[in-house]
Amino acid sequence: MTTPVRVRFAPSPTGYPHVGNIRTAMFNWLLARHSGGKLILRIEDTDVARKVEGAVKAIMEGLNWLGIDWDEGPDVGGDYGPYYQSERLELYKKAAERLIEQGDAYYCYCSPERLEEMRAGQVKRKEPPGYDRLCRDLTRDECARREAEGIKPVVRFKTPLEGQTGYNDVIWGNVVVNNSTLDDFVLLKSDGYPTYHLANVVDDHAMEISHVIRAEEWISSTPRHLLLYRALGFEPPRFVHHPMILGPDRAKLSKRHGAVSILDYRDMGYLPQTMLNFLALIGWSLDDKTEMMSKQELIDNFSLERIGKTGAIFNREKLDWMNGVYIRKLTADEFFDAVQPYLMDDLDAGKVLISDEEYVRAVLPLVQERARTLVEVVELTRFFFTEDLSYDSALLIGKNMDKAATFEALEAAQEDLGKLVVLQESATRETLPAFDADSLEGVLRPLAPELDLKTGQLFSVLRVAVTGRTAAPPLFDTMAVLGRERCMQRIAAALKRL
RNA sequence: GCCCCCAUCGUCUAGAGGACUAGGACAGCGGCCUUUCAAGCCGUCAACAGGGAUUCGAAUUCCCUUGGGGGCACCA
């Protein structure tokens, strides 16, 4: 294969950027980047009725988020434009006319009602549904007569009645079908817009596409496309049909399975590098053990040959795990930048972020290895940013302790912590911060045996008092970041609760 | 209903006739570490859908069955 790689992602702007579609874009992009080829973004807006405002923008946003860039497209231009199919109508019309002249296509005047009736009959008689070719051999006069009645025809392809059509799929090998199982599909709709089949073939040829990489659901319409390539005298590209992403019930992943827009995953706090890595691993693998791969590693190692054939379930648990791994890999600055927008969405955290960024930067390292999503970070850090610690007072009572013992422990801690500060302040003017984790540990650890408690018991009482939770980042670090004032206040508040 | 396709642990997968006692990862379970929660480390459970055939030898090739999926629009 010496022709340069030119691949395309051709979404139709009929909705949100579905993860399945984005993954298709990714495979195309990976091949382009791996082989030094080009990725073309082409918008297939030929369905006027289903067109959704803002869909193109959302698709681009999703791609951008993942770092999937394209070389030609509606926004960046290119030598093969325009890149909206709605702006290429003339091309399709010409192709259709040519096919009619050649005798490979014909006008069909059947009404939607008739077609529906016909199909209903076929289903009833347990026949395979398909156009009955009523208009296939209409004479010029018969056409003119219907034309005169004001009927707007569609153009249908004159599918050969016999023979076979096959091709060699990069992933599936030889795919052959009997032409008799194919009906005379529509090329041009009555509104003048092309169907997917026509537009695709015309554009993929015009744009010199080398590989058509798309989902498995297209496999059965590929023979039709081949027939079109042949009739038009075009050299067909290589076809690569990849398996689909399935929902937990093994059906094609769809809205009813929950989040399916790539932007939903962004909003739920997944990192783009996680999504890219994870999506690549659905239906593709490098070897028997490599799983964590950066964008560059994916590009370097990608190959069509390693795409599998089996549909794969989208496994949220593994996604969560992988996101946790990527979160932990972030530097402090990267983590801060990544989390910022999510913190901003929270009233309390947002306020603090604006007024005291340094405090936020001190808090974040404490939760970085504990969070699996960026949204989780907000939850995990909540007690750092609010003074309203609403918790069940019963949580304060330590294991095997009663109210009195808990009270005693808190009071003792309060006193010692107070001493600690005084001590540090009066003793020389050391640069030691008065309330750092080490000093706190130095004071609190010995306190436990004095109270006849296990360290765990004392610490858990303090943890609840200071964070309002039984599970939190390490106590001393947490207290140090919270600062002396907040800690003393919260301990006092806890004493009052008892 | 018709056409096409697929089939390894619960899930994602490695495997292209002998290297398979079937490997890795997530999840689960157990343990270590430990002030909690995580993280980390160690260990453990767990699969070739079934049946034939070919072969000295089959997860790997062929056939059938079963199960699953996709397609069958003036949607893409």
Side-chain angles (χ1 to χ4, degrees), chain A residues 10-14 21 44-47 49-50 108 110-112 115-116 119 122-131 152-156 172 175-178 180-183 185-197 199-200 214-221 223 241 243-244 246 248-252 278 281-292 306 308-322 324-325 328 367-372 380 441 444-445 448 454-464 467 469-476 478:
Chain A
S12 75
T14 52
N21 294 133
E44 312 221 322
D45 55 344
T46 56
D47 188 341
R50 290 202 310 157
C108 167
C110 293
S111 66
L115 293 174
E116 205 170 303
R119 260 189 295 272
Q122 287 165 335
V123 171
K124 212 164 155 191
R125 276 172 272 128
K126 296 190 193 283
E127 287 168 13
Y131 182 56
K152 285 241 179 293
V154 301
V155 174
R156 283 184 187 273
W172 302 80
V175 178
V176 183
V177 301
N178 289 320
S180 59
T181 64
L182 271 24
D183 74 344
F185 54 98
V186 173
L187 261 21
L188 221 50
K189 307 180 220 175
S190 55
D191 62 2
Y193 277 73
T195 59
Y196 171 86
H197 307 297
N200 228 259
R214 58 178 25 163
E216 184 191 341
E217 56 189 319
W218 292 108
I219 213 161
S220 57
S221 44
H241 289 97
M244 297 187 302
L246 276 24
D249 60 354
R250 293 217 148 264
K252 187 153 88 166
F278 183 74
L281 253 23
I282 300 181
W284 178 85
S285 66
L286 173 58
D287 54 30
D288 57 343
K289 40 192 59 124
T290 314
E291 294 203 302
M292 301 299 293
R306 292 202 63 85
K309 288 184 181 177
T310 332
I313 294 174
F314 189 92
N315 184 198
R316 267 296 274 283
E317 280 168 338
K318 188 149 186 178
L319 210 216
D320 282 344
W321 163 78
M322 187 174 277
V325 174
R328 273 171 252 131
V367 297
Q368 186 167 358
E369 75 169 23
R370 272 160 255 270
R372 291 157 84 82
L380 253 22
E441 181 159 16
L444 293 173
R445 201 173 278 283
K454 292 189 168 174
T455 49
Q457 289 177 299
L458 205 218
F459 296 168
S460 89
V461 171
L462 275 170
R463 179 174 302 111
V464 174
T467 69
R469 317 180 166 193
T470 53
L475 183 61
F476 310 124
T478 301

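Quantities reported herein were computed from a predicted structural model and do not represent experimental measurements. Each chain gets a letter, A, B and so on, in the order its sequence line appears, and its residues count up from 1.
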Q: What integer distance in Å separates A/F459:CZ from B/C37:C1'?
A: 16 Å
Q: Can you sort out the partners of A/F278 under ring-ring contact (aromatic ring centres under 6.0 Å, His included), two or more places apart, ordered by chain and number?
A: A/F314
Q: Students often get this wrong, so: under 4.0 angstrom with heavy atoms, is A/A312 touching a base, only sugar-phosphate, or nothing?
A: sugar-phosphate
Q: Roughly how many Å apart are B/U8 and B/A49, using the C1' atom of each and rounding to a whole number?
A: 10 Å
Q: Look at the side chain of A/R328 and decide which nucleotide, out of B/U35, B/U13, B/A39, has an atom nearest to it.
A: B/A39
Q: What does the B/S/- profile of nucleotides 22-29 of chain B look like, 5' to 3', with a 4.0 Å heavy-atom cutoff to protein?
A: -BBBSS--
Q: Distance check, C1' atoms only: B/C41 and B/C9, in whole angstrom units.
A: 24 Å
Q: What residues form a side-chain contact (heavy atoms from CB on, under 4.5 Å) with A/D288, not counting sequence neighbours?
A: none
Q: Whole angstroms only, please: what is the NZ-C1' distance between A/K126 and B/C3?
A: 17 Å
Q: Counting only heavy atoms from other residues, nucleotides and ligands, does the tally under 6.0 Å from NZ of A/K189 exceed 12?
A: yes
Q: Not counting sequence neighbours, which residues clear side-chain contact (heavy atoms from CB on, under 4.5 Å) with A/V154? List them please.
A: A/C108, A/R156, A/V186, A/S190
Q: Under 4.0 Å between any heavy atoms, over every strand shown, what does A/P473 touch: base, sugar-phosphate, or nothing? Just pick one.
A: base
Q: Looking for any heavy atom pair under 4.0 Å, which part of the strands does A/F185 touch: base, sugar-phosphate only, or nothing?
A: nothing
Q: If I take atom CZ in residue A/F476 and atom P in nucleotide B/U34, what distance separates them, rounded to the nearest angstrom?
A: 14 Å
Q: Are side-chain N/O atoms of A/D287 and A/T290 paired as donor and acceptor at under 3.5 Å?
A: yes
Q: Considering just the side-chain nitrogens and oxygens of A/R445, establish if one lies under 4.0 Å of OP1 or OP2 belonging to B/U35.
A: yes
Q: Applying ring-ring contact (aromatic ring centres under 6.0 Å, His included), can you list everything that pairs with A/Y196, at least two apart in sequence or on another chain?
A: A/W218, A/H225
Q: May I ask you to say what A/G308 touches in the nucleic acid, namely base, sugar-phosphate or nothing, with a heavy-atom cut-off under 4.0 Å?
A: nothing
Q: Within the 4.0 Å limit for protein heavy atoms, which parts of nucleotides 69-76 of chain B are touched? Write it as a string from 5' to 3', B for base, S for sugar-phosphate only, - for none.
A: SSSBSBBB
Q: Looking across every strand, which nucleic acid part, if any, lies under 4.0 Å from A/R306 by heavy atom: base, sugar-phosphate, or nothing?
A: sugar-phosphate
Q: Find the distance A/Q368:CD to B/G40:P and express it as a whole number of Å.
A: 13 Å
Q: Within the 4.0 Å heavy-atom criterion, would you say A/I313 contacts the bases, only the backbone, or no part of the nucleic acid?
A: sugar-phosphate
Q: Can you tell me the pairing partner of B/A7 across any strand shown, Watson-Crick or G-U wobble, with both distances under 3.5 angstrom?
A: B/U66
